[in-house]
Amino acid sequence: GYMVSRHRSLPWQEEMVATLAKTFVATPLEQHSVVAEDAYKTLVNAGVSVAIAKFTVSDAIDRVNIVTARAQSNLTFF
């Protein structure tokens, strides 16, 4: 994988993305929209801009998708 550093004004973002990703993994797929919406609202209510809140939640979703796809790619030949 690639190591991408976070913007220096968002020191909390990496930990939030990691925590959200773990929450998504532990949550049934049909509840992911609830987790995403709750996280988004929590961030916005804490004063995080809409753009940063959306990016943070999207980044967590992307992380789960990538990790899941990589794990599954080794389960079968095709």
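Quick caveat, the model's predicted, so the values are computed rather than measured.
- Once rounded to the nearest 0.5 Å, the distance linking CD of Gln72 with CG of Asn74 reads 10.5 Å.
- More than 12 non-hydrogen atoms from other residues, nucleotides or ligands lie less than 6.0 angstrom from CD of Glu30.
- The pair Glu14-Arg63 meets the salt-bridge criterion, since a charged nitrogen lies less than 4.0 angstrom from a carboxylate oxygen.
- Cluster membership check: Ile61 shares its hydrophobic cluster with Val25, using side-chain heavy-atom separations under 4.5 Å among Ile, Leu, Val, Met, Phe, Trp and Tyr.
- Rounded to the nearest 0.5 Å, atoms CG (Leu20) and NE2 (His32) are 11.0 Å apart.
- Placement of Val34 and Tyr40 in two distinct hydrophobic clusters is found when ILVMFWY residues are connected by side-chain heavy-atom separations under 4.5 Å, directly or transitively.
- A donor-acceptor pair under 3.5 Å is absent between the side-chain atoms of Thr19 and the main chain of Met16, judged by distance alone.
- Tracing side-chain contacts under 4.5 Å through hydrophobic residues (I, L, V, M, F, W, Y), one reaches Val50 starting from Ile52; they form part of the same cluster.
- Residue Val17 comes nearest to Thr56 through the heavy atom pair CG2-O, 3.7 Å, listed as atom of the first residue, atom of the second, then distance.
- Put simply, the side chain of Val48 does not reach to within 4.5 Å of the side chain of Phe55, judged on heavy atoms.
- Taking the side chain as every heavy atom from C-beta outward, Trp12 and Leu10 approach each other to under 4.5 Å.
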